Novice: 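Please see the structure below; I have some questions.
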2 protein chains.
Amino acid sequence: MARGRGRSWPGRDGCTTIGVMTSKASAPDTPRHPMLDEPPLSLRERKKRRTREAIRREAYRLFRDQGFDETTVEEIAEAAEVSPSTFFRYFPTKEDVVLTDEYDPLIIKLMREGPADATFIEMLRGAVLGPLRVLMEAEREEMVIRMQLMVSVPSLRKRSQLQQTEGWRMLSEAFAERTGKDPADPRLRYAAAAIGSALNEAMLSWAEDGCEGSPADRMEEALDFVETGLRTF
Amino acid sequence: MARGRGRSWPGRDGCTTIGVMTSKASAPDTPRHPMLDEPPLSLRERKKRRTREAIRREAYRLFRDQGFDETTVEEIAEAAEVSPSTFFRYFPTKEDVVLTDEYDPLIIKLMREGPADATFIEMLRGAVLGPLRVLMEAEREEMVIRMQLMVSVPSLRKRSQLQQTEGWRMLSEAFAERTGKDPADPRLRYAAAAIGSALNEAMLSWAEDGCEGSPADRMEEALDFVETGLRTF
DNA sequence: CTCTGAAATGAGAGTAACTCTCAAAAGATG
DNA sequence: CATCTTTTGAGAGTTACTCTCATTTCAGAG
């Protein structure tokens, strides 16, 4: 085939839906979120950011109007006024336009600042649900479109990064580092995987029910449940 | 693009790695496992089964010899002496050759026969880990190859059905039915998703460590952990 | 302002995983 | 043997990516 994956693109730095990154490194655009006020901005960087935003904006528009599968990369590139080549330099796959975001650094940062004696779940309540609530206020519209796409397009649903174990590695490591736990402890993997999937499921159920309120509420519910409910369910 | 997914193939009935199905329905081949001694076998059915087995066998051989990405569907089809068209009639995607199996009916059956007052996790210990141990004895070699592929090929790793929430729906429903619980209870979704991912992670860690013994041991460990350990971890 | 190197872009050709249609082959059935 | 149904093969088409290379554009030094 051709469907590339895991190569080494310039356009990304590796992050994802609601802060669960699939790390990558360097190049064209190193996305970071404004909420995490980053330093300066060279001309080149500004241009790259604009390009990335243009691609994403046009892509969402087309996805909304004619559907994800019905929109070709070529169309997106044309609408964003870049070449198809450039599109792929910014997003490794069409799916990544929807799945990628820039919140991971923020989450990691919050984890490093959290209480050193917190449990994994407690830490996540602060580092993931907190910013998510803010995010939903600030960019609700875009988030809603994303979530709806993720629910309705099978290929996106499956790749939802909240569900991708791999994406939780950095988060787990940050947690281990902060709390002094062994990063190689298999329980860390189990916990991250289990919780990630439960959160993902909570998000899906929120989207399926019409995207009312904040998904963070559902996620809170899911966290509470997996924290103590599995023994008796 | 072309990468189809979720269409409506004739060749499958919907099942998956270690019994976590992505249901589908009807047609050419309705795979079932011998362990679940099914009734008769018409000439046509036997042929279909043979074809399916031939495809899988040749595919595994080629994957092992030259790698998953380096093997084209065309090569597999040729080795199995069928046309590429036929290949896709049996397996919706190349990945499914590795990800699909026929254990789901067995697991469902065991769940329906299990204790009606068991918790979800208890039920899984019996219905999933039990047969898995047997399976590992009976078809160890093939299972090991599958697992190794699933660990080493990124696209497979991500799609590992143990991780696919969707695949757990039927299992959840069987559980709800057996124990008289509400199948729409969101906690059922959370539980299935969380446990599925933890089990998947256990399997991966087993494969990464060289596939020694049975993955069921690791999975047992993971189940024990998510059952009670998340509150304090 | 100019020169120089580095990074981003565009163009275009190539690969391979699917998709779809249709006619031919092969079991099933009576 | 005749007919109906299901499976198969052939082949053409779409599109997501991949790779290479020439061109453009920014950065930084003089």
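Letters A, B, ... are given to chains in the order of the sequence lines, protein chains preceding strands, and every chain is numbered from 1. Not measured: the values here are computed from a predicted model.
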Novice: Would you say A:Tyr90 places a side-chain N or O within less than 4.0 Å of OP1 or OP2 belonging to C:dT9?
Specialist: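 Yes, A:Tyr90 has a side-chain N/O under 4.0 Å of OP1/OP2 on C:dT9.
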Novice: CZ of A:Arg159 versus P of D:dA16: gap in Å, rounded?
Specialist: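 Rounded to the whole Å, the gap is 14 Å.
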Novice: Do the side-chain N or O atoms of A:Lys47 get closer than 4.0 angstrom to the phosphate oxygens (OP1, OP2) of D:dC26?
Specialist: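 Yes.
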Novice: On the nucleotide C:dC20, are OP1 or OP2 found under 4.0 Å from the side-chain N or O atoms that B:Ser85 carries?
Specialist: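 No.
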Novice: Can you check whether B:Trp168's main-chain N or O pairs, donor with acceptor, with B:Ser172's side chain at less than 3.5 Å?
Specialist: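 Yes.
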Novice: From C:dC18, C:dA28, C:dG10, pick the nucleotide closest to the side chain of B:Leu43?
Specialist: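 Comparing C:dC18, C:dA28, C:dG10 against the side chain of B:Leu43, the answer is C:dA28.
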Novice: What is the separation between atom CG on B:Leu156 and atom P on C:dA17, rounded to the nearest whole Å?
Specialist: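 From B:Leu156 CG to C:dA17 P: 13 Å.
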Novice: Could you state the atom-to-atom distance from CD of A:Glu75 to P of D:dT14 in whole Å?
Specialist: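 Taking CD of A:Glu75 and P of D:dT14, I get 14 Å after rounding.
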Novice: Are B:Thr93 and B:Asp96 linked by a side-chain donor-acceptor pair shorter than 3.5 Å?
Specialist: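 Yes, a side-chain donor-acceptor pair sits under 3.5 Å.
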Novice: B:Asp69 has an atom CG; how far is it from atom C1' of C:dA16, in whole Å?
Specialist: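 B:Asp69 atom CG is separated from C:dA16 atom C1' by 11 Å.
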Novice: Test B:Glu141 against B:Arg61 for salt bridge (charged side-chain N to carboxylate O under 4.0 Å, His left out), laying out the working first.
Specialist: CA-CA 12 Å; B:Glu141 198 172 349; B:Arg61 189 176 55 74; over 6 Å; no
Novice: Calculate the interatomic distance between A:Phe87 atom CZ and C:dA8 atom P; express it in whole Å.
Specialist: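 The answer, rounded to whole Å, is 18 Å.
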Novice: Measure the shortest side-chain to side-chain distance between B:Phe91 and B:Arg56 over non-hydrogen atoms and say whether it is less than 4.5 angstrom.
Specialist: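 B:Phe91 reaches B:Arg56 side chain to side chain.
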Novice: If only atom types and distance count, is the side chain of B:Lys94 paired as donor or acceptor with the main-chain N or O of B:Thr71 below 3.5 Å?
Specialist: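 Such a contact is found between B:Lys94 side chain and B:Thr71 backbone.
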Novice: Can you give me the N/O atom pairs linking the protein to nucleotides 22-25 of chain C at distances under 3.5 Å, or say none if there are none?
Specialist:
none

Novice: Between the side chain of A:Ser205 and the main-chain N/O of A:Ala202, is any donor-acceptor distance below 3.5 Å?
Specialist: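 Flag set: sc A:Ser205 to bb A:Ala202 pair under 3.5 Å.
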Novice: Test your reading of the model: is there a side-chain donor-acceptor pair from B:Glu75 to the backbone of B:Thr72, 3.5 Å cut-off?
Specialist: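 Yes, because the side chain of B:Glu75 sits within donor-acceptor range (under 3.5 Å) of the backbone of B:Thr72.
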Novice: Between A:Thr86 and C:dG10, is there a contact of a side-chain N or O with OP1 or OP2 at under 4.0 Å?
Specialist: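 Yes.
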Novice: When you measure from the side chain of A:Thr72, which nucleotide among C:dA11, D:dC17, D:dA16 comes out closest?
Specialist: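 Minimum distance to the A:Thr72 side chain belongs to D:dA16.
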Novice: Please give, in whole Å, the distance from D:dT24 P to A:Glu81 CD?
Specialist: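 Atom-to-atom, A:Glu81 to D:dT24, this comes out as 19 Å.
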Novice: Does A:Ser42 have a side-chain nitrogen or oxygen under 4.0 Å from the phosphate oxygens OP1 or OP2 of D:dA27?
Specialist: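 Yes, such a contact exists.
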Novice: When the distance from CZ of B:Phe91 to P of C:dT19 is rounded to whole Å, what number comes out?
Specialist: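 One finds 15 Å between P of C:dT19 and CZ of B:Phe91, rounded.
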Novice: For the helix from C:dC1-D:dG30 to C:dG30-D:dC1, how many degrees between its two end axes (five pairs per end), to the nearest 10°?
Specialist: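 Between the first-five-pair axis and the last-five-pair axis there is 20°.
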Novice: Give a yes or no on whether the backbone of A:Arg112 and the side-chain of A:Arg178 come within a donor-acceptor separation of less than 3.5 Å.
Specialist: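 Answer holds: yes.
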Novice: Here's a test for you: under side chain to side chain contact (heavy atoms under 4.5 Å, CB included), which of A:Leu129, A:Ile107, A:Leu171 qualifies with A:Leu124?
Specialist: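 The passing option is A:Leu171.
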Novice: Test your reading of the model: is there a side-chain donor-acceptor pair from B:Arg157 to the backbone of B:Met150, 3.5 Å cut-off?
Specialist: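 No, B:Arg157 side chain to B:Met150 backbone: no donor-acceptor pair under 3.5 Å.
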Novice: Quick one: B:Phe88 CZ to D:dA10 C1', roughly how many Å, whole number?
Specialist: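 Rounded to the whole Å, the gap is 15 Å.
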